[in-house]
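Given the structure is predicted, the values throughout are model-derived calculations rather than measurements. Atom set for the values below is all heavy atoms of this structure, side chains included, hydrogens, waters and symmetry mates excluded.
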Amino acid sequence: MAVLSHPDRAELRIADVLEAFAHPIRLRIVYRLAHGAERSCGELLPEVSKSTASHHWRVLRESGVLHQRREGRRLVMHLRREDLEARFPGLLDVVLAAAGSDPEVVVGEREKAAGALRS
């Protein structure tokens with residue numbers, strides 16, 4: 001299996017991070033990770049094809065926005081919140097606030113929340 005590479009905190013570049021945030025699917029991933037626990041790739045984006053999702057996870061991982069690790073045959077990921085905050089204070093909070101008002105990013109989030117309340 002391929003080794004998953006992640007930049008060190010000091011190697012995070014603002015241009016790479018902003019480029020990673022520049023796509024609605026990647027913003028959706030970040031938004032979902034920010035509002036929940038560590039998640040596996042398969043449960044994070046069930047509405048997107050595996051090849052498309054893999055591309056977006058690679059962009060987010062290589063930019064330093066998220067960290068992936070293998071757990072058996074699964075890949076689990078979490079947001080690198082502490083690293084992002086240390087390098088670019090306040091950036092993630094601003095991006096998440098803006099993403100939360102974008103219907104393309106929060107698609108399905110309200111339905112999931114309503115379903116959880118009914119359970």
Between atom [atom1] of [X] and atom [atom2] of [Y], what is the distance when rounded to the nearest 0.5 Å?
X	Y	atom1	atom2	value
Arg39	Arg32	CZ	CZ	7.0 Å
Leu92	Glu82	CG	CD	12.0 Å
His67	Arg80	NE2	CZ	7.0 Å
Leu96	Phe21	CG	CZ	7.0 Å
Leu66	Arg58	CG	CZ	12.0 Å

Report all side-chain donor-acceptor pairs from residues 11-19 shorter than 3.5 Å, counting only partners two or more places apart or in another chain.
| unit_1 | atom_1 | unit_2 | atom_2 | d |
| --- | --- | --- | --- | --- |
| Glu11 | OE1 | Asp8 | N | 2.8 |
| Arg13 | NH1 | Asp16 | OD1 | 3.3 |
| Arg13 | NH1 | Asp16 | OD2 | 3.2 |

Shortest non-hydrogen contact from [X] to [Y]?
X	Y	value
Ser63	Val65	OG-CG2, 3.2 Å
Tyr31	Gly100	CE1-CA, 3.5 Å
Ser5	Arg61	O-NE, 3.2 Å
Pro103	Ser101	CD-O, 3.5 Å
Leu60	Ala20	CD2-CB, 3.8 Å

Is the backbone N or O of Arg9 less than 3.5 Å from a side-chain atom of Arg87, with the two atoms forming a donor-acceptor pair by type? yes
Tell me whether Glu43 contacts the main-chain N or O of Ser40 through its side chain, where contact means a donor paired with an acceptor under 3.5 Å. yes
Determine whether [X] and [Y] fall in the same hydrophobic cluster, where Ile, Leu, Val, Met, Phe, Trp and Tyr are linked whenever their side-chain heavy atoms lie under 4.5 Å apart.
X	Y	value
Ile29	Val48	yes
Leu45	Val76	no
Val59	Leu79	no

For Ser54 and Ser51, does a side-chain donor sit closer than 3.5 Å to a side-chain acceptor? no
Taking the side chain as every heavy atom from C-beta outward, state whether Met77 and Arg69 have any pair of such atoms under 4.5 Å apart. no
Does any part of the side chain of Val30, heavy atoms only, come nearer than 4.5 Å to the side chain of Arg81, both counted from C-beta? no
Which residue is it: Glu47, His56, Glu104? I am looking for the one with a side-chain hydrogen bond (donor to acceptor under 3.5 Å, both in side chains) to Arg28. Glu47
Begin from the C-alpha positions of Trp57 and Leu44 and carry the test side chain to side chain contact (heavy atoms under 4.5 Å, CB included) through to its verdict. CA-CA 11 Å; Trp57 291 319; Leu44 194 57; 4.1 Å; yes
